[in-house]
Protein chains: 4
Amino acid sequence: MLTELKREAYEANLALPRHGLINLTFGNASAIDRNRGIFAIKPSGVDYAALKPDDMVLVDLDGKVVEGTLRPSSDTPTHRRLFIAFPTIGGVVHTHSSHATAFAQAGREIPIFGTTHADYFFGSVPVTRKMTAAEIGGGAYEWETGNVIVERYAAGKLDPLDFPAVLVNRHAPFTWRPTVAGAVEVAVATECIAHMALMSLQLEPKLPNIEPELLNKHFKRKHGPGAYYGQSK
Amino acid sequence: MLTELKREAYEANLALPRHGLINLTFGNASAIDRNRGIFAIKPSGVDYAALKPDDMVLVDLDGKVVEGTLRPSSDTPTHRRLFIAFPTIGGVVHTHSSHATAFAQAGREIPIFGTTHADYFFGSVPVTRKMTAAEIGGGAYEWETGNVIVERYAAGKLDPLDFPAVLVNRHAPFTWRPTVAGAVEVAVATECIAHMALMSLQLEPKLPNIEPELLNKHFKRKHGPGAYYGQSK
Amino acid sequence: MLTELKREAYEANLALPRHGLINLTFGNASAIDRNRGIFAIKPSGVDYAALKPDDMVLVDLDGKVVEGTLRPSSDTPTHRRLFIAFPTIGGVVHTHSSHATAFAQAGREIPIFGTTHADYFFGSVPVTRKMTAAEIGGGAYEWETGNVIVERYAAGKLDPLDFPAVLVNRHAPFTWRPTVAGAVEVAVATECIAHMALMSLQLEPKLPNIEPELLNKHFKRKHGPGAYYGQSK
Amino acid sequence: MLTELKREAYEANLALPRHGLINLTFGNASAIDRNRGIFAIKPSGVDYAALKPDDMVLVDLDGKVVEGTLRPSSDTPTHRRLFIAFPTIGGVVHTHSSHATAFAQAGREIPIFGTTHADYFFGSVPVTRKMTAAEIGGGAYEWETGNVIVERYAAGKLDPLDFPAVLVNRHAPFTWRPTVAGAVEVAVATECIAHMALMSLQLEPKLPNIEPELLNKHFKRKHGPGAYYGQSK
């Protein structure tokens, strides 16, 4: 069932250690079939080297396992929450990539300092508020993790496709895009811009964000009706 | 004799350079057979590329070489001290991995700033006091290195499985777990969280440790009777 | 047509990810045939793994595509501007290499702190002024990017071969040399010296640039009539 | 002639990029036959990938090329100066490895903060004074580079085998040992301890050097008549 979807999710999961975004088993990727309302996600705590496409677990938007003998990732409710709240996204990636996680741990957004960042995001990479003790300990921790993300986007009136990554405070990044392969690409970009932002801050601790014209130009060069980057538009 | 134990220790030793935790010959891993009270450890100063499973030296808990033609690691008495003091551990790993060692050299614990850390430790990674001139020069330096570790855990009432790594002041990390493969995993995690903590401190020099609820949640998600991460529990 | 030129440009583009200078599809290289006034450049947004020599697009100095079925890099007008303004250069490389980009984002030149730097540059790596809203939004953004580079060299009376790399403010480095292979080498060197400069600044925030005698010695050792480094001079 | 010596020098040169110590063609290694007073050294500016054992150039202690069709490394007079001044060394390595060079550029010794450092050095890694304009421009720059090293060891009464690496101010490290393979090992260790010292300084800007007892213990554990590390002593 959904062989192609499972393969996409599988390929995305394998791409994470290959891009140096994942140590050990920190991280997971999922892809959704919007027609059926079913997503494929990595099983929990399985070593990447041992992973097979058929190990992907199929889960519906109510959280029910539809197919699969392994337990799905413990972060499954976070993925599910995002798929429900953000109907334009088709894939979600979660990593603990080092530089992005350093910002998440510090509760700091990744400030937008250059065009590399503006090629992917229409502003700084947002960070959620800290979760409350009730949200953490109330029995639905991973679902509530999704909730603080959704809350952040609602409060900031942020379009998930304009801001395809978020830092969960004290935790790490989640990224998404219309496809899971795109979510992997954003995960790579997020780690890269976090590294560069950290170094720019070392050089200029008070560095302001980039000018609105440049942000607008670079983001629109790649996204939306006026895009002229790449071959397909 | 104890072919399987030697193979486990051998595999763990080879994993250290593969994970980028070891330069040159800095570091070693050992695995114990608790029934016989014998552990297998890397020979001293042998290049990882040349290592064979049968090169592992078998040593008993009195420090006597039971089998092996090569001299055991000069750190053998530290491993032995840990195996005696911490009966729940089955493997010990010692590395000079760069970021963790930077904290050890500075005499600083690795502060617990996020969930990556809390997935492995029930608090900050402890650091020992400095060793005295008598402990260093008295003829049993490596045994005394084990002693300052044991002293730190006794003084802090720390369970070795809740805190499966320590930084020896001015020296480097030691890690352990019920299996030596687990001790390697903790060594990878320790290096990773040290790197992230260093960067979070650059962003926020006064960053406080994570909130107790989040620590509790993440550690318990992976460890103990309520664990629900992975496939085996 | 111009098979050899396309191969040179192709090889240079492939060298960028191999040297770790490029993540994803950030970056591009071009090589010019001065006799014909035609340059070969990477197509826009194509994955490096899928690139073939024949994918290189041939463009003339008026910006007209002379050969090729793919759209040329969106940065083509910047390359064209540089080839027109700097007649001694034969190849241009653009990367978003992390350490150099950190300086560009901060609007800081890469200060010349040692002989590694002086082996490639006759002073600090210059940074352009920020671009104006009119330059960014006026419909010729990439051409204007070339213009701020040219302006910087005119204002500073800098010979492009003495300063074979520039940082575009808020953006990233461009490098060049008489050959595109040489421009790749400068891109590697620029990233390396940016990394070292960042660390030297951490050690000594007020570190002055190197002494003129040493700069002169090392640059002239490799460049110009008195050069005595390598085999070919 | 001296086939084995050329092979040793060749192997050492190849080891430098493999250990990540060398970018492009920055760096060189040489090995001396003390009986004949002849050393084998890398040719100048040749790409490591193209190097063959027979490309090594044989040079005597008067600086005369004894065998070889290629021009020897431009740093040959520095190697020669060291071989003359330090009769106990058998190989010399020069790199521009990033972290060690960051200290050299800043004119700072690498402070001895831990046992990793003490396993290789009997104190901080020394740095030379800056060279004068006359030394730089007087026509014997590379020989004078050797001279400031020799001056530093004489002034500090430093045994070259106790301090098997030096940082040339504004330049980069040179390392040595009784064999050129040993000099490569010290080059790896120097880069590693420079990285760790930089990070320890970020954590504790006023961190003092390690205590004399610990320095003594670790250095003597590996060096001299009381050594008990490794298999061969």
Side-chain angles (χ1 to χ4, degrees), chain B residues 20 22-27 43-47 50 55 57 69-76 94-111 130-142 144-145 167-172 194-195 197-199 201-202 205, chain D residues 15 18-21 97-99 110-120 177 181-182 184-223 226-233:
Chain B
I22 296 273
N23 261 323
L24 305 168
T25 60
F26 312 160
S44 182
V46 172
D47 197 342
D55 292 338
V57 186
T69 53
L70 297 167
R71 188 186 301 186
S73 167
S74 55
D75 295 317
T76 299
H94 174 44
T95 80
H96 287 212
S97 72
S98 300
H99 297 86
T101 302
F103 278 88
Q105 292 189 151
R108 294 262 296 256
E109 62 180 25
I110 306 174
K130 287 185 190 169
M131 296 173 71
T132 65
E135 287 165 342
I136 293 165
Y141 168 65
E142 292 83 1
E144 295 292 351
T145 299
L167 304 179
V168 175
N169 207 313
R170 293 298 202 179
H171 189 154
H195 185 195
L198 192 77
M199 295 189 284
L201 281 170
Q202 183 190 324
Chain D
R18 196 174 63 236
H19 282 293
L21 299 176
S97 72
S98 299
H99 296 85
I110 306 173
I112 182 163
F113 287 149
T115 62
T116 323
H117 188 136
D119 282 340
Y120 284 89
R177 266 210 172 161
V184 171
E185 183 180 340
V186 173
V188 173
T190 301
E191 176 61 6
C192 177
I193 63 175
H195 186 194
M196 298 195 307
L198 191 77
M199 294 189 286
S200 292
L201 281 170
Q202 183 189 326
L203 290 168
E204 295 289 350
K206 307 277 187 202
L207 188 65
N209 287 357
I210 64 168
E211 296 63 38
E213 298 82 9
L214 192 59
L215 164 57
N216 208 51
K217 176 68 190 175
H218 266 265
F219 191 74
K220 299 283 169 63
R221 198 165 85 141
K222 283 198 164 184
H223 305 275
Y228 59 94
Y229 180 90
Q231 300 299 330
S232 57
K233 288 156 193 168

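So you know, we letter chains A, B, ... as the sequences are listed, proteins then strands, and number each from 1.
Heavy-atom distances place both the backbone and the side chain of B/Ala133 under 4.5 Å from chain D. Proximity to chain B involves both the backbone and the side chain of D/Pro208, based on heavy atoms less than 4.5 angstrom apart. Contact of B/Glu135 with chain D is not made at all, since no heavy-atom distance falls under 4.5 Å. With a threshold of 4.5 angstrom between heavy atoms, D/Leu203 approaches chain B through its backbone and through its side chain. Looking at D/Ala197, the atoms closer than 4.5 Å to chain B (heavy atoms on both sides) all sit in the backbone: N, CA, C or O. The contact between D/Gln202 and chain B is made entirely by side chain atoms (from C-beta outward), counting heavy-atom distances below 4.5 Å.
In this structure, the side chain of B/Arg170 does not engage the main chain of B/Gly107 through any donor-acceptor pair within 3.5 Å.
When the candidates B/Gly45, B/Pro43, B/Ser98, B/Gly137 are compared by the number of heavy-atom contacts under 4.5 Å with chain D, B/Ser98 comes out ahead. Heavy-atom pairs under 4.5 Å with chain B peak, among D/His19, D/Glu211, D/Glu185, at D/Glu211.
Remark: aromatic rings of D/His218 and B/Tyr141 are close, center separation under 6.0 Å. Annotation: B/His99 is in aromatic contact with D/His195 [ring centroid separation under 6.0 Å].
Rounded to the nearest 0.5 angstrom, D/Asp119 CG and D/Lys222 NZ are separated by 4.5 Å.
Inter-residue side-chain proximity for D/Ile112 and B/Gln105 is flagged as unmet; no heavy-atom pair is nearer than 4.5 Å.
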Q. Yes or no on side chain to side chain contact (heavy atoms under 4.5 Å, CB included) for D/Arg221 and D/Asn216, after CA distance, side-chain angles and deciding distance?
A. CA-CA 8 Å; D/Arg221 198 165 85 141; D/Asn216 208 51; over 6 Å; no

